[in-house]
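What you are looking at is a predicted structure, and each value in this text was computed from that prediction instead of being measured.
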Amino acid sequence: TVGLSGLTFARGRAYEDGGAILSSGALTIANCTFQNGRASRGGAIYVGAGSLTSRNNHFTGNLAGRAGAICLGGGTLNSTADTYTGNRAKYGGAIYQDGGSATFTGCTIAENVASPGASFGGGLYLYNSNTTLMNCTISGNSSDDGSGAINVDTTTLNVMNTTISGNSAGGYAGAMDIYDSNVNLISTTIAGNHALDPTYGDALGGISVGPGNWITGTNSIISGNSSA
């Protein structure tokens, strides 16, 4: 196990994976800042088959094709009290998860962007994964095309005591686009999200639910979402 604490990782560069860190073992990071990293996948960090425990870290200004901040390509991610702001990628402005298991607890995922062009998941892009969001704030994220906050594809997603608000999509699904997935909302608020493109007849400011999905809600609020 490797542990890192109290460091700043700035302007890291990688041609492929992990602008600052590429990990396939057991890694713990606490009280660090990752800023202005660049990579094809994971502008700050790429996690392969190993595990990452991340606590009280700040990810900002990172850029990638997939996952402006952290790309999980299998393995396990536990993110607690982390802040993801101002990151950018074509798929998953802050987070891209392809397989594995991830839990986000008490995290802020805000003002991240999925861009340019046909881009999805301004905050998170989840594919073929198991993911839990607990006590998180996901706000002000945007995408040029769909799923301003979260893109959910072939995934089991549990969202508890979380607020998803003020996100926007240039096309459809201001908050969340769900495809072939199981989503469970518990004590969660999805409000004030917006889909911008009037050419979409089903622009859906809040949630777009495609075929093959199962979505349940308990003590949750979906309100005040809008489309152009």
Within a strict 4.5 Å, meaning less than it, do heavy atoms of the [X] and [Y] side chains meet?
X	Y	answer
I164	T189	no
L126	N151	no
Q97	T155	no
L133	I138	yes
Y172	S227	no
V183	V152	yes
Y46	I21	no
L4	F9	yes

Decide whether [X] and [Y] meet the rule of one side-chain donor and one side-chain acceptor closer than 3.5 Å.
X	Y	result
S119	D145	no
S79	Y84	yes
T53	N78	no
S115	D144	yes
H194	S168	no

What distance do [X] atom [atom1] and [Y] atom [atom2] have between them, rounded to the nearest 0.5 Å?
X	Y	atom1	atom2	value
L22	I45	CG	CD1	10.5 Å
T162	L185	OG1	CG	9.5 Å
T108	N135	OG1	CG	11.0 Å
I150	I178	CD1	CD1	8.5 Å
I190	I222	CD1	CD1	4.5 Å
N182	W214	CG	CH2	9.0 Å

Problem - Identified side-chain contact (heavy atoms from CB on, under 4.5 Å) partner of F34 from the options I29, D82, L7 - result: I29

Any donor-acceptor N/O pair, [X] side chain to [Y] backbone, under 3.5 Å:
X	Y	answer
S129	G99	yes
N112	G68	no
T154	N128	no
N36	N62	no
S165	T163	no
K90	G65	no
S187	N161	no
N141	I109	yes
T216	N184	no
N225	N193	yes

When clusters are formed by joining ILVMFWY residues with side-chain heavy atoms under 4.5 Å apart, either directly or through shared neighbours, do [X] and [Y] land in the same one?
X	Y	value
Y127	L77	no
L157	I215	yes
V209	I221	no
L72	L63	no

Which atom pair, heavy atoms only, marks the closest approach of [X] to [Y]?
X	Y	answer
G174	A195	N-CB, 4.2 Å
A173	A169	O-CB, 3.6 Å
A89	A67	CB-N, 3.5 Å
S40	A64	O-CB, 3.8 Å
G18	A39	N-CB, 3.8 Å

Handout entry: Stepwise side-chain contact (heavy atoms from CB on, under 4.5 Å) check, N87 with F59
Key = CA-CA 7 Å; N87 303 285; F59 299 86; 4.2 Å; yes

Practice task
Check the pair F104 / L124 against side-chain contact (heavy atoms from CB on, under 4.5 Å), numbers first and verdict last.
Solution key: CA-CA 11 Å; F104 299 86; L124 304 94; 4.1 Å; yes

Problem - Greater than 12 external heavy atoms within 6.0 Å of R13's CZ - result: yes

Practice task
Can you establish whether the number of heavy atoms outside R38 located under 6.0 Å from its atom CZ is more than 12?
Solution key: yes

Handout entry: Pairs flagged by salt bridge (charged side-chain N to carboxylate O under 4.0 Å, His left out) wherever residues 109-126 is involved - sequence neighbours left out
Key = none

Practice task
Identify, with sequence neighbours excluded, every residue that meets side-chain hydrogen bond (donor to acceptor under 3.5 Å, both in side chains) alongside N56.
Solution key: N31

Practice task
List, by chain and number, the other hydrophobic cluster members for M160, where Ile, Leu, Val, Met, Phe, Trp and Tyr join if side-chain heavy atoms come within less than 4.5 Å, directly or indirectly.
Solution key: M134, I186

Practice task
Go through the steps for T83 and T85 under the test side-chain contact (heavy atoms from CB on, under 4.5 Å), then give the verdict.
Solution key: CA-CA 6 Å; T83 302; T85 59; 3.6 Å; yes

Exercise for the section: May I have the step-by-step check of side chain to side chain donor-acceptor pair (under 3.5 Å) for S101 and N130, ending in yes or no? Expected result: CA-CA 5 Å; S101 174; N130 289 286; 5.9 Å; no

Problem - Q35/T8 under side chain to side chain donor-acceptor pair (under 3.5 Å): CA gap, chis, key distance, verdict - result: CA-CA 8 Å; Q35 61 189 40; T8 296; 5.9 Å; no

Exercise for the section: Describe, in one word, how the ring planes of Y91 and Y96 are oriented to each other, choosing from parallel (under 30°), tilted (30 to 60°) and perpendicular (over 60°). Expected result: perpendicular

